[in-house]
Amino acid sequence: MVDTDTPRPEHRGMHDTKTPQGANLGQIRHDWSLAEVEALFALPFLDLVFHAQRIHRAHFEPNTVQMSTLLSIKTGACPEDCAYCPQSVRYDTGLERDALMEVAAVRECALRAKAAGATRFCMGAAYRSPKAKDLAVIAEMIREVRAAGLETCATLGMVTPAQAEQLKTAGLDFYNHNLDTSPEFYGEIITTRTYQDRLDTLEAVRDAGLKVCCGGIVGMGESVTDRAKLLLTLANLPEHPESVPINQLVQVPGTPLNGAAPVEPFDFVRAIAVARILMPRAHVRLSAGRETMSDETQALCFLAGANSIFYGERLLTTGNPDVQRDQKLFARLGLKAETRPEQAAAAPAATDRAHVHETRPATA
Ligand code: SAM
Ligand code: DTB
Ligand code: SF4
């Protein structure tokens with residue numbers, strides 16, 4: 001169990017991150033228990049955010065945010081039944097369908113995203129899993145986006161080990177595939193593929209040498225325990241995802257989850273903070289949901305360890321704050337955009353990794 005005592009002034013320093021088992025918060029671990037993660041969620045808000053921010057500063061340059069731009073390269077008519085998703089063929093959301101885009105058009109969008117300040121370009125397709133002929137075209141898109149000087153990410157549904165290899169060969173850097181929620185709540189949201197299917201795709205992606213982008217959604221009617229179980233599942237994977245998107249549900253009329261009880265902003269911030277504590281080296285992305293979020297809530301998310309956003313006025317099919325609003329927010333908070341790793345060589349991150357130890361379960 002995590003020590004929930006509020007640190008007294010004379011005890012500030014390392015002591016306030018000790019758990020009764022002696023494990024310091026901030027270690028890279030893959031053996032979290034549900035009780036420990038639930039205890040983090042139960043911490044007083046300020047203690048939780050304090051721990052998250054301290055851990056964040058031990059691993060990342062503070063005040064720096066990675067910026068990814070999304071593009072829907074194939075829109076709508078998806079056979080899956082994800083209850084949150086405007087792109088499922090099963091729900092009448094009035095969304096216009098679009099076939100797979102032309103490579104040249106994708107390249108144009110990538111160049112615009114780069115000019116606006118993004119460092120990563122994420123191509124999303126409304127597939128259950130990609131077909132061979134589409135994957136060949138997407139491989140070409142990946143080559144073009146890479147040649148334009150951007151990191152590449154794709155989210156195309158389930159992939160086999162061979163497909164993951166093909167994407168890696170094309171130059172893909174990251175593959176996004178979310179677990180979305182806890183194994184227990186999952187069946188309330190999606191019935192057309194299993195949690196194990198998702199874990200299998202993540203394994204294929206990891207085995208192919210791709211970086212993993214995997215997170216979930218808050219605000220679908222799940223309990224705090226479900227949020228804890230989602231983050232526990234991610235943290236106890238053999239390797240932590242390099243990128244952890246925490247989405248707030250974007251409610252879309254026509255989807256079954258339209259009208260779900262909105263998330264209390266502090267609870268959303270808590271999910272960000274726990275993700276940061278459990279996965280200290282991951283980029284935690286404040287993902288969907290920013291359009292309706294106040295600047296103050298976003299600032300709390302950054303304080304709680306979020307250090308990545310989707311940048312540009314569209315997510316896949318729904319809105320996102322426009323570039324002007326984000327630039328103004330960054331200026332108000334003194335935030336700066338993260339440069340790509342190779343660009344950052346001259347300015348190493350303020351890391352303090354000497355004390356970091358990996359703790360894995362014997363079976364991992
Ligand atoms: N079809 C692919 C798949 O499901 O893996 C890729 C695209 S899908 C839109 C990627 C992720 O976006 C989903 O797993 C979900 O976490 C997130 N997402 C989709 N609709 C959302 C919504 N309305 N609000 C928040 N997140 C959403
Ligand atoms: C992720 O976790 N969120 C992004 C990205 N990965 C693909 C998608 C959010 C989609 C929000 C609804 C839409 O715009 O269609
Ligand atoms: Fe299809 Fe992906 Fe939407 Fe699910 S989340 S309906 S798989 S596009």
Side-chain angles (χ1 to χ4, degrees), residues 68-91 93-98 100 120-130 134 138 153-159 163 174-181 186 189-195 197-202 204-205 212-222 230 234 241 243-260 262-263 268 271 275 282-293 306 308-321:
S68 293
T69 291
L70 275 169
L71 176 67
S72 181
I73 57 170
K74 184 268 171 188
T75 306
C78 181
E80 302 292 279
D81 70 351
C82 313
Y84 48 75
C85 186
Q87 304 204 64
S88 168
V89 75
R90 295 159 195 250
Y91 317 131
T93 60
L95 181 71
E96 219 169 280
R97 301 169 180 191
D98 268 315
L100 188 61
R120 190 178 309 160
F121 194 68
C122 181
M123 293 161 272
Y127 295 138
R128 172 177 165 81
S129 55
D134 294 335
I138 292 166
C153 177
T155 181
L156 316 168
M158 293 186 284
V159 290
Q163 289 177 319
F174 290 81
Y175 194 81
N176 166 249
H177 196 66
N178 289 340
L179 289 175
D180 282 345
T181 189
Y186 181 86
I189 304 297
I190 300 139
T191 69
T192 49
R193 71 171 82 150
T194 65
Y195 211 75
D197 288 334
R198 292 192 183 245
L199 291 168
D200 291 347
T201 288
L202 293 175
V205 165
V212 172
C213 173
C214 184
I217 306 178
V218 176
M220 301 192 293
E222 75 286 345
L230 164 69
L234 291 170
S243 169
V244 178
I246 306 294
N247 296 277
Q248 179 176 280
L249 175 70
V250 178
Q251 300 202 3
V252 181
T255 59
L257 288 180
N258 188 45
V263 199
F268 186 79
H283 277 81
V284 174
R285 184 172 305 122
L286 164 55
S287 301
R290 288 198 305 118
E291 197 179 33
T292 56
M293 213 176 265
S308 172
I309 57 167
F310 286 124
Y311 178 63
E313 65 194 22
R314 283 199 88 61
L315 293 167
L316 290 173
T317 67
T318 65
N320 198 41

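For ligands, and for the atoms within them, numbers begin at 1 and follow the listed sequence. Note that the structure is a prediction, hence the values are computed from the model and not measured.
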- The closest protein heavy-atom partner of atom 11 (C) of ligand 1 is N178 ND2, 3.7 Å
- Just need the protein heavy atom nearest to atom 10 (C) of ligand 2, so name the residue and atom and give the distance. L316 CD1, 4.2 Å
- Contact between N247 and ligand 2, counting heavy atoms under 4.0 Å? yes
- Message: If we only consider heavy atoms of Q248, is any one of them less than 4.0 Å away from an atom in ligand 1?
- Response: yes
- Message: If you define the side chain from C-beta out and look only at heavy atoms, does anything of R90 sit under 4.5 Å from C78?
- Response: no
- When distances are taken from atom 14 (O) of ligand 1, the protein heavy atom at minimum range is D180 OD1, 3.2 Å
- atom 5 (C) of ligand 2: closest protein heavy atom, distance to 0.1 Å, is F310 CZ, 3.6 Å
- of all protein heavy atoms, closest to atom 2 (C) of ligand 1 is G157 N, 3.5 Å
- Output yes if C82 passes the N/O/S-under-2.8 Å test against atom 3 (Fe) of ligand 3; output no otherwise. no
- Nearest non-hydrogen contact to atom 17 (C) of ligand 1 from the set L315, T201, I190, I217 belongs to I217
- Note on the structure: For Y84, the atoms of ligand 3 under 4.0 Å from one of its heavy atoms are 5 (S)
- Check H177 against ligand 1 and report side chain, backbone, both or neither, counting heavy atoms closer than 4.0 Å. side chain
- Message: Taking only non-hydrogen atoms of Y84, do any sit less than 4.0 angstrom from ligand 2?
- Response: no
- Query: Numbering the atoms of ligand 3 from 1, which are under 4.0 Å from a heavy atom of A126?
  - Reply: 8 (S)
- Taking the non-hydrogen atoms of A125, is any one of them nearer than 4.0 angstrom to ligand 1? yes
- Item | Heavy atom of the protein closest to atom 20 (N) of ligand 1 (residue, atom name, distance) | Y84 CD1, 3.3 Å
- What residue and atom, counting heavy atoms only, is the protein's closest point to atom 9 (C) of ligand 1, and at what distance? L316 CD1, 3.4 Å
- Quick note on ligand 2: atoms under 4.0 Å from a heavy atom of P245 include exactly 2 (O)
- Would you indicate whether R128, at its atom CZ, is surrounded by more than 12 heavy atoms from other residues, nucleotides or ligands within a distance under 6.0 Å? yes
- Which residue supplies the protein heavy atom nearest to atom 1 (Fe) of ligand 3, what is that atom called, and how far is it? C78 SG, 2.2 Å
- Taking only heavy atoms of T155, which atoms of ligand 2 are found under 4.0 Å from at least one of them? 7 (C)
- Task: Could you tell me which atoms of ligand 2, counted from 1 in the order shown, lie closer than 4.0 angstrom to a heavy atom of N178?
- Result: 1 (C), 2 (O)
- Note on the structure: Quick note on ligand 2: atoms under 4.0 Å from a heavy atom of T317 include exactly 13 (C), 14 (O), 15 (O)
- Any idea which part of V250 is under 4.0 Å from ligand 1, heavy-atom wise: side chain, backbone, both or neither? both
- Message: I'd like to check which ligand 2 atoms, numbered from 1 as shown, lie under 4.0 Å from a non-hydrogen atom of N176.
- Response: 6 (N), 7 (C)
- Do me a favour and list the nearest non-hydrogen protein atom to atom 6 (C) of ligand 1 with residue, atom name and distance? T155 OG1, 3.1 Å
- Query: Any nitrogen or oxygen of Q87, main chain or side chain, under 3.5 Å from a nitrogen or oxygen of ligand 2?
  - Reply: no
- Query: Any idea which atoms of ligand 2 are less than 4.0 Å away from a heavy-atom of L70?
  - Reply: 4 (C), 5 (C), 7 (C)
